[in-house]
Amino acid sequence: MTVQNVVVHESDELLAAATAARLITKLVDVQAEHGVASLVLTGGRTGISVLEQVRLSPACDAVDWANVEIFWGDERFLPEGDPERNETQARKALLDHVGVDPSRVHAMAPSDGKFGDDPDAAASHYAEVLAATAAEETEIPVPRFDVLLLGVGEEGHTASLFPDTPHVRETERMVVPVRDCPKPPPTRISLTLPAIQAASEVWLMTSGKAKAEAVASALGGADPVSIPAAGARGRERTLWLLDTSAAATVPTGV
């Protein structure tokens, strides 16, 4: 049964720094046990700030970056190198500065890649990448995600799963193309809730008072169809990492 924890920090700056320290420790521990760690990255202000803080940490080199499998929870379907792509931002913040193995960095296809401007083909390909990296004995065709990082939107979206859409109701596919997103860019690729829920640990990171209502609803047991973040749960642990503003209306006892 998954354990759910809530950790609140005084500011978004402290949230990013503390989460970076926590992530470094987790990756080192996983590598000590398994040799290779599997990490799913997210975009957004907090997600990229965490990666920057990992890079700046004196303990950054404690991680054997060549033995970290890197994936993404979602991606903006834009040309390669576009500054709005989560991959581009993650590379600038961390990946270009540490010794990652390029063969272990599994980015989602750009809109000018070999699949062209076809998000369906790009999503199907990423599902194939996940399945090829998964252990043979797994029931869900995704790798052993040791840590899956996510943000939370003001309306409760996570990854690129928005409220009351077919994508948040998906039960079969691990990766979906998302069109007509309510925030730009309109076309994206996203893991689905079944893929997210296969992760050992899911860390949801967010800050600011504009997120407080969505956070409280998710922690209060809202329907994932209306608050997708409520459905983002790890197999072993779900960790909410918040600043005081985002945690302002968290239900008592959570």
Side-chain angles (χ1 to χ4, degrees), residues 2-26 39-57 72-74 76 83-84 86 89-90 92-94 147-165 168 181-185 188 190-191 193 196-197 199 201-234 237-254:
T2 185
V3 174
Q4 180 168 267
N5 300 119
V6 178
V7 179
V8 180
H9 296 287
E10 291 185 2
S11 67
D12 55 352
E13 293 86 359
L14 186 56
L15 165 62
T19 301
R22 184 186 295 272
L23 181 59
I24 290 170
T25 299
K26 179 64 179 180
L39 173 64
V40 182
L41 301 180
T42 186
R45 183 169 58 88
T46 301
I48 298 304
S49 293
V50 168
L51 299 186
E52 291 173 342
Q53 290 300 315
V54 168
R55 185 189 81 231
L56 296 172
S57 171
W72 274 264
D74 73 322
R76 295 157 179 175
E84 293 300 310
N86 292 337
Q89 295 176 15
K92 181 179 178 180
L94 175 64
V147 179
L148 191 150
L149 304 175
L150 290 171
V152 180
E154 295 178 9
E155 76 292 78
H157 89 267
T158 195
S160 285
L161 303 176
F162 289 85
D164 301 308
T165 62
V168 78
C181 287
K183 57 186 298 186
R188 305 181 182 200
S190 183
L191 299 190
L193 288 180
I196 291 169
Q197 292 165 2
E201 296 194 9
V202 170
W203 298 8
L204 295 117
M205 313 169 295
T206 197
S207 63
K209 63 181 181 180
K211 312 292 183 66
E213 183 177 347
V215 168
S217 296
L219 284 167
D223 181 352
V225 172
S226 59
I227 304 290
R233 300 184 298 272
R237 187 186 193 196
T238 305
L239 181 61
W240 286 80
L241 297 157
L242 312 169
D243 73 349
T244 52
S245 296
T249 57
V250 168
T252 303
V254 170

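Keep in mind that this is a model prediction, so the values were computed, not measured.
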> How close do I48 and A93 get, counting heavy atoms only, and between which atoms?
CG2-CB, 3.9 Å
> Salt bridge between R76 and E84, side-chain N to carboxylate O under 4.0 Å?
yes
> Check for a donor-acceptor pair, side chain of T238 on one end and backbone N or O of G234 on the other, with a separation under 3.5 Å.
yes
> For the pair K183 and H157, evaluate side chain to side chain contact (heavy atoms under 4.5 Å, CB included) and give the outcome as yes or no after the intermediate values.
CA-CA 11 Å; K183 57 186 298 186; H157 89 267; 3.9 Å; yes
> Do T206 and L204 have side chains that get closer than 4.5 Å, going by heavy atoms?
no
> Between T19 (side chain only) and A16 (backbone N and O only), is there a donor and an acceptor less than 3.5 Å apart?
no
> Checking T158 side chain against G151 main chain: does a donor-acceptor pair fall under 3.5 Å?
yes
> Is any side-chain heavy atom of V7 closer than 4.5 Å to one of W240?
no
> L150 versus M205: any side-chain heavy-atom pair under 4.5 Å?
no
> Is any side-chain heavy atom of L14 closer than 4.5 Å to a side-chain heavy atom of D243?
no
> Could you check whether any side-chain N or O of T165 sits under 3.5 Å from a backbone N or O of L161, counting only pairs where one atom can act as donor and the other as acceptor?
no
> Charged N to carboxylate O below 4.0 Å: is that the case for K26 and E201?
yes
> Could you walk me through whether D12 and T46 pass the side chain to side chain contact (heavy atoms under 4.5 Å, CB included) check?
CA-CA 8 Å; D12 55 352; T46 301; 5.6 Å; no
> What's the separation between atom CG in L39 and atom CH2 in W203, rounded to the nearest 0.5 Å?
8.5 Å
> Does the side chain of V215 come within less than 4.5 Å of V250's, by heavy atoms?
yes
> Return yes if some donor-acceptor pair links the side-chain N/O of K211 with the main-chain N/O of V152 below 3.5 Å, else return no.
yes
> Taking all non-hydrogen atoms of both residues, which atom of K209 and which atom of S245 are closest, and how far apart?
N-CB, 3.4 Å
> Side-chain contact, heavy-atom cut-off 4.5 Å: E213 with E155?
no
> More than 12 foreign heavy atoms under 6.0 Å from CD of E52: is that the case here?
yes
> Taking atom types as modelled and ignoring hydrogens, do the side chains of D74 and S190 form a donor-acceptor contact shorter than 3.5 angstrom?
no
> What closest approach, in Å, do V40 and L148 show between heavy atoms, and which atom pair accounts for it?
CB-CG, 3.6 Å
> Closest approach of A214 and E154, non-hydrogen atoms and distance?
CB-O, 3.6 Å
> Are any side-chain N or O atoms of T249 and backbone N or O atoms of A212, one a donor and one an acceptor, separated by less than 3.5 Å?
yes
> Can you name the closest pair of heavy atoms from A90 and L51 and give their distance?
CB-CD1, 3.8 Å
> Hey, could you give me the CZ/CG distance between R188 and N86, rounded to the nearest 0.5 Å?
8.0 Å
> Of all heavy-atom pairs between S207 and A246, which one has the smallest distance, and what is that distance?
CA-CB, 3.8 Å
> Is the number of heavy atoms from other residues, nucleotides or ligands under 6.0 Å of Q4 CD greater than 12?
yes
> Please check if the side chain of S217 supplies one atom and the backbone of A222 the other of a donor-acceptor pair under 3.5 Å.
no
> Is any side-chain heavy atom of Q89 less than 4.5 Å from a side-chain heavy atom of P83?
no
> Please examine the side chains of V202 and R237, heavy atoms only from C-beta on, and report whether any two atoms are closer than 4.5 Å.
no
